Structure formats: structure tokens, C-alpha cells
Amino acid sequence: MKVLVAYESKYGATEGIAERIGERLRTRGLEAEVVRCSDIGDASGFDAYVVGSATYEFRWRKGARTFVKHHADVLAAHPTWLFSSGPLGTETVDKDGNDVLKGAEPKQFATYAELIHPRGTQVFRGAYHHDKIRGGDRIVAWMPGIREILPEGDFREWDVIEGWADSIADSLAAART
Ligand SMILES: Cc1cc2nc3c(=O)[nH]c(=O)nc-3n(C[C@H](O)[C@H](O)[C@H](O)COP(=O)(O)O)c2cc1C
């Protein structure tokens, strides 16, 4: 079974998550290709799809949004899972007691629920390194008090990421039997 893991990433954190998902699917006997969304011309020819993006200002990156827009029919017709990477830090609830991962869901999860009926959606914690920031992000990154919202570090939870990939492999295996 062939799975396409398509991703968009600005500074590499989401790329690393996509690579790990691909590796994990391969250890489960699936053929997984991990490709940046903007490098994909023809998305057909796969049995299942995993699409993920970094979240910036509550939205997926443009390359991922364009990918879904252009390939919505293919994604809707196959088992598809979506993920995002974003929240920084280790807190599970914010100062108002709200679930951090739920609150970090990109707008696209709601939009794509109708469009492609994904089998699952998942928010993963991300990574942020102040010195890597470039372009327009620098305006945000240097705002007073921003370090509380964008704490520096690599908060990716590899066991959670691998567990999610395993659940996809399980679901695809169950569909085959
Ligand atoms: C300017 C800026 C805006 C961000 N906005 C959000 C956001 O709205 N929600 C979120 O969960 N994370 C946000 N983040 C954190 C990033 O999504 C996180 O660092 C992510 O893992 C980066 O992935 P990448 O390295 O693949 O681009 C923001 C980071 C920066 C620098």
C-alpha cells in the first residue's frame, strides 16, 4: 500500500515530523513517500494520504492550502489524515484552563472536514528557534512579551507522533482484512 505524506514547513520542524511519520509507516510495511506540498504536481496513484503543515497565525501555510485545494477530489476519495505543528511549550492547558492543543487547531481542520472528510486530525507540538526567524516573522518574533507565547525550544513529542503514525497503519491494515 502506498501512502503520500505531504507537508509544508518554514523552518524545518514540520518537515521533521513528516519524515518521522513516513519512517514509522515504512516500519509497518507501508510504502511511504514524504514530499513537500509545493513539489507535488500529480497526487494520484496513492492508496492513502497524510497532509500536514506548520500553523502560522492559526492557518496552515499557503503551499499546503493550495495542495488541498488542487487535490481535494483525490483526498476526498481516499483515506486521508491531517496534522499540524504549532503550539510551543509543554503546558496542556492555557491560563484560562483551555486545552492548548485544541486551541491550536488551524482553521483548515474545520474547512477540510466538509471538503475531504479526513479520517483523523492531529495537532503536534512544534519547535521554534529565535535565531532562525526571517522575513515578516521577525516583526512578530521581536514583539514585547512574545517569548511567553513563542517559547524557544524543540517541543516535538516523538512518541506521540509515532503513536499517531501507528494508528494510521492500524487503520489501513484493518481496511485490508
Ligand atoms: C510568527 C509566528 C507565528 C506563529 N503562529 C502560530 C499559531 O498561530 N499557532 C501555533 O500553534 N503556532 C504558531 N507558531 C509556532 C509554529 O507553528 C511552530 O514553531 C512550528 O513548529 C514551526 O514549524 P516549521 O518549522 O515547520 O515552520 C508561530 C510561530 C511564529 C514564528
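These figures come from a predicted structure and were not determined experimentally. Whatever order the structure lists ligands and atoms in, that order sets their numbers, starting from 1.
Using a 4.0 Å cutoff on heavy atoms, Ala141 does not count as a contact of ligand 1.
Protein heavy atom closest to atom 25 (O) of ligand 1, with residue, atom name and distance, is Ala13 N, 2.9 Å. In terms of protein heavy-atom proximity, atom 15 (C) of ligand 1 is nearest to Gly86 O, 3.5 Å. If you check which protein heavy atom lies closest to atom 20 (C) of ligand 1, you get Ser85 OG, 3.5 Å. Residue, atom and distance of the protein heavy atom nearest to atom 4 (C) of ligand 1 are Tyr56 CD2, 3.8 Å. Scanning the protein for heavy atoms near atom 19 (O) of ligand 1, the closest one is Ala127 O, 2.7 Å. Residue, atom and distance of the protein heavy atom nearest to atom 7 (C) of ligand 1 are Glu57 N, 3.6 Å. Of all protein heavy atoms, the one closest to atom 8 (O) of ligand 1 is Phe58 N, 2.8 Å.
Salt bridge annotation for Arg36-Glu8: present, with a cationic side-chain nitrogen under 4.0 angstrom from a carboxylate oxygen. Of the charged side-chain nitrogens involved, at least one lies within less than 4.0 Å of a carboxylate oxygen, so that Asp170 and Arg28 count as a salt-bridged pair.
Of the candidates Thr14, Thr55, Val100, it is Thr55 that places a heavy atom closest to atom 13 (C) of ligand 1.
Checked by atom type, the side-chain pair Asp137/Tyr56 shows no donor-acceptor distance below 3.5 Å.
Put simply, OH on Tyr49 and NZ on Lys2 are 9.0 Å apart, with the number rounded to the nearest 0.5 Å. Atom CG of Leu30 sits about 7.5 Å away from atom CE of Met1, to the nearest 0.5 Å.
Interface of Leu88 with ligand 1, defined as ligand atoms under 4.0 Å from a residue heavy atom, comprises 15 (C), 19 (O). For ligand 1, the atoms lying closer than 4.0 Å to a non-hydrogen atom of Val140 are 1 (C). Heavy-atom proximity to Gly126, at under 4.0 Å, picks out these atoms of ligand 1: 21 (O). Distances below 4.0 Å separate heavy atoms of Lys10 from the following atoms of ligand 1: 24 (P), 26 (O), 27 (O). Ligand 1 places these atoms under 4.0 Å from at least one heavy atom of Ala104: 11 (O).
Shown here for Ala48 and Trp81, the closest heavy-atom pair between the two residues is CB-CZ3, 4.3 Å.
Counting heavy atoms from C-beta outward, Ile168 and Val50 have side chains that approach closer than 4.5 Å.
Across Asp154, Leu150, Ile149, a single residue satisfies side chain to side chain contact (heavy atoms under 4.5 Å, CB included) together with Tyr128, and that is Leu150. The only member of Asp73, Leu75, Val51 that meets side chain to side chain contact (heavy atoms under 4.5 Å, CB included) when paired with Ile116 is Leu75.
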